[in-house]
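A short write-up of the structure that comes next.
Order of the sequence lines sets the chain letters (A, B, ...), proteins ahead of strands, with each chain counted from 1.
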Amino acid sequence: MRIILSGIIVVLTLLLLPQVAHAMHITEGILPPKWAIFWVVMIMPFVVVGTLKLKKNKKEVPGFLPLVGLVGAAVFVFSCFPIPVVGLNGMATAHPAGTGMSAMLLGPFVSVVIAGIALFIQALFLAHGGLTTLGVNIFSMGVLGSFSGYFAFRIVQRMGLRLFWCGFAAGVVSDLFTYMGTSIGLGLLVFEGGESLPIAIMHSAKAMLEIFVVFIATSQGPLCVAEGIVVGFAISYVYKVRPGILQSLKVVKV
Amino acid sequence: MEILKHVVMDHFAHRNNWLTNIEVRVKLFYIGIGLLLNILSNGIIIPLVFLVTSLILLKTIKISFLNLGLRMIVPLFFGVFIMLIMGLHKGETVMLSGSFLGYELALKKEGLLIGLLLFTKMVGGVMLLLLLSFTTTISKICMAARWMKIPETIIEVLSFVYRYLFLLIEETETMMSSQKSRLGYVTWFKTIKSFGNLGGVLLIRSIVRAENVHTAMTSRGYNGGRVLTIHLTPLVKNDYAILLSCGVLLAFLSYFGFFVYS
């Protein structure tokens with residue numbers, strides 16, 4: 001029996017993880033109503049502030065909305081780059097989150113809105129994620145991914161390191177936090193109201209940790225590093241070829 | 001990237017058939033109610049009903065199983081993953097147990113049943129979403145969103161993202177082909193570096209294009225207002241009939257206890 005279970009787990013791990021890694025967004029129908037509402041409430045302040053910032057900039061800077069839209073489209077395409085996973089060489093590719101990049105260029109609040117729009121399009125046209133799970137997916141990719149990526153970028157920049165390393169930090173940290181958010185969302189599914197609160201929290205925390213460790217130990221760990229390097233190269237390339245773009249977006253100082 | 005372009009494109013929604021001709025607000029109401037019922041259901045019947053009805057509806061407009069299958073691959077694997085998580089973390093009756101790298105694991109019956117329910121809800125929900133995406137264009141969804149008082153700014157950004165997405169995908173493919181012909185993807189590190197440069201070029205092009213687009217739009221009278229030009233038609237008798245039947249169905253199913261808050 002033990003051998004059978006171990007075999008099933010190994011086979012499923014090898015088959016499932018590369019596929020699940022393609023879209024680490026929680027799929028439609030998975031969340032019960034209470035969690036769907038909880039996550040929408042959690043993201044609402046960030047979406048509202050992001051929208052207000054967009055409105056303000058739209059009034060002050062002519063052409064700001066086309067800029068946000070096109071950078072959003074570019075980040076969407078960037079998030080579809082099929083990066084080969086080192087540990088599963090040739091077997092699987094994984095996709096970067098892209099929120100680190102958008103947060104770095106447009107700021108974390110606007111990046112939350114961009115992530116929300118990207119997730120909406122993905123849910124409808126790629127069946128990655130969903131509408132009732134939009135809240136949790138925006139929380140993990142939009143809120144956690146954008147803010148962690150933005151602050152990682154700024155902290156490394158203040159440390160005086162080269163732009164490549166700032167981009168690298170933004171890519172790695174935003175990816176890690178995105179997957180942490182997804183693990184939290186999935187881990188809370190095992191939370192049972194019938195149990196006493198400390199035990200229920202312990203069960204959920206155990207599930208979250210296991211999901212996070214499994215993903216990081218397999219495809220997502222190497223992907224984080226790969227996304228960091230890609231973002232680092234991309235931002236360095238823009239600085240080398242058109243430094244004015246990064247200066248006008250206030251990514252680097254003049 | 002090629003598959004992405006094929007899958008993302010909403011050319012199915014641009015076709016002229018009885019499902020694409022249904023008013024967008026009615027479709028959104030049906031899908032919204034459907035998704036709500038789907039996550040509220042306490043058994044596998046409701047999600048399976050949505051799965052079967054959506055499949056039948058999509059087959060009436062000749063959507064192939066291949067197209068549906070392409071979109072269902074990732075959700076299906078995700079569903080199996082969720083079943084495993086539930087099986088390992090919920091319930092008491094152990095069906096299979098063992099250790100993996102020294103870690104004790106046990107698959108439990110009750111957890112697997114909950115996982116199966118979630119799996120069917122996932123399949124039912126995704127099919128409902130596909131029903132919407134195969135029959136409704138983003139422009140129509142944007143118009144309905146405006147009618148629902150979603151902030152104009154968000155709708156504008158969504159329109160811009162969707163409008164330029166395919167153009168950027170095409171440009172990326174062209175650049176990738178050139179990089180491949182110059183052996184840009186022969187080793188892992190070269191691949192990563194090529195992707196980095198590609199990302200950089202993509203950003204530069206998108207920002208330069210944004211400036212050009214704004215100049216062109218300003219010259220055509222754009223002053224920061226609406227970017228969509230299509231309008232919603234008023235609701236007619238048939239639309240109200242569908243709306244009413246959705247309401248009656250909801251009342252009927254909840255009366256017979258098909259839904260539970262969990």
Per-residue contact mode, [X] against chain A (heavy atom under 4.5 angstrom):
{"X": "Leu128(B)", "result": "neither"}
{"X": "Ile82(B)", "result": "side chain"}
{"X": "Pro75(B)", "result": "both"}

Interchain contact, Phe64(A) with chain B, by part (heavy-atom threshold 4.5 Å):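 No part of it gets close to chain B.
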
Side chain, backbone, both or neither of Pro62(A) within contact of chain B (heavy atoms, under 4.5 Å): both

Contacts of Thr136(B) that satisfy side-chain hydrogen bond (donor to acceptor under 3.5 Å, both in side chains) - sequence neighbours left out: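 Lys27(B).
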
With a 4.5 Å cut-off on heavy-atom pairs, point out which of [options] contacts chain A the most.
{"options": "Gly111(B), Gly125(B), Ser133(B), Gly124(B)", "answer": "Ser133(B)"}
{"options": "Val123(B), Leu158(B), Leu117(B), Ile114(B)", "answer": "Leu158(B)"}
{"options": "Tyr164(B), Phe134(B), Phe119(B)", "answer": "Tyr164(B)"}
{"options": "Val201(B), Val213(B), Ile31(B), Thr218(B)", "answer": "Val201(B)"}

Atom pair [atom1]/[atom2] of [X] and [Y] - distance to nearest 0.5 Å:
{"X": "Leu124(A)", "Y": "Leu130(B)", "atom1": "CG", "atom2": "CG", "result": "9.5 Å"}
{"X": "Leu31(A)", "Y": "Met122(B)", "atom1": "CG", "atom2": "CE", "result": "13.0 Å"}
{"X": "Thr51(A)", "Y": "Glu152(B)", "atom1": "OG1", "atom2": "CD", "result": "12.5 Å"}
{"X": "Thr132(A)", "Y": "Leu36(B)", "atom1": "OG1", "atom2": "CG", "result": "9.0 Å"}
{"X": "Glu210(A)", "Y": "Ile85(B)", "atom1": "CD", "atom2": "CD1", "result": "9.5 Å"}
{"X": "Leu129(B)", "Y": "Leu131(A)", "atom1": "CG", "atom2": "CG", "result": "5.0 Å"}

Is the shortest heavy-atom distance from the side chain of Leu67(A) to the side chain of Phe160(B) under 4.5 Å?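 No, their side chains stay 4.5 Å or more apart.
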
Do His128(A) and Arg71(B) have side chains that get closer than 4.5 Å, going by heavy atoms? no

Tyr162(B)/Phe125(A) aromatic ring centres below 6.0 Å: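 Between Tyr162(B) and Phe125(A), the centre distance is under 6.0 Å.
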
Heavy-atom count around Glu92(B) CD within 6.0 Å, excluding the residue itself: above 12?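 For Glu92(B), atom CD is not crowded (no more than 12 foreign heavy atoms under 6.0 Å).
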
CZ/Phe164(A): more than 12 non-hydrogen atoms of other groups inside 6.0 Å: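 Counting neighbours around CZ of Phe164(A), more than 12 heavy atoms of other residues, nucleotides or ligands fall under 6.0 Å, so yes.
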
Salt bridge or not for Lys121(B) and Glu28(A), using N-O below 4.0 Å? no

Do Arg242(A) and Val208(B) pass the side chain to side chain contact (heavy atoms under 4.5 Å, CB included) test, and can you show the C-alpha distance, the side-chain angles, and the key distance before you say yes or no? CA-CA 10 Å; Arg242(A) 295 283 294 268; Val208(B) 170; 3.5 Å; yes

Where [X] and [Y] come nearest, the two heavy atoms and their spacing:
{"X": "Leu40(B)", "Y": "Pro33(A)", "value": "CD2-CG, 3.5 Å"}
{"X": "Thr172(B)", "Y": "Phe81(A)", "value": "CG2-CE1, 3.7 Å"}
{"X": "Ala73(A)", "Y": "Leu165(B)", "value": "O-CD1, 3.9 Å"}
{"X": "Phe233(A)", "Y": "Ile192(B)", "value": "CD1-O, 4.2 Å"}
{"X": "Ala74(A)", "Y": "Leu203(B)", "value": "CB-CD2, 4.4 Å"}
{"X": "Val126(B)", "Y": "Ala127(A)", "value": "CG1-CB, 3.8 Å"}

Pair count under 4.5 Å, heavy atoms only, with chain B: among Ile114(A), Val113(A), Leu70(A), highest is Leu70(A)

Side chain to side chain contact (heavy atoms under 4.5 Å, CB included) for Leu198(B) and Phe78(A)? Distances and angles first, verdict last. CA-CA 9 Å; Leu198(B) 193 57; Phe78(A) 172 78; over 6 Å; no

Any residue of residues 225-232 of chain A which, by heavy atoms, sits under 4.5 Å from chain B: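 Listed by number, the contacting residues are Ala226(A), Ile229(A), Val230(A).
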
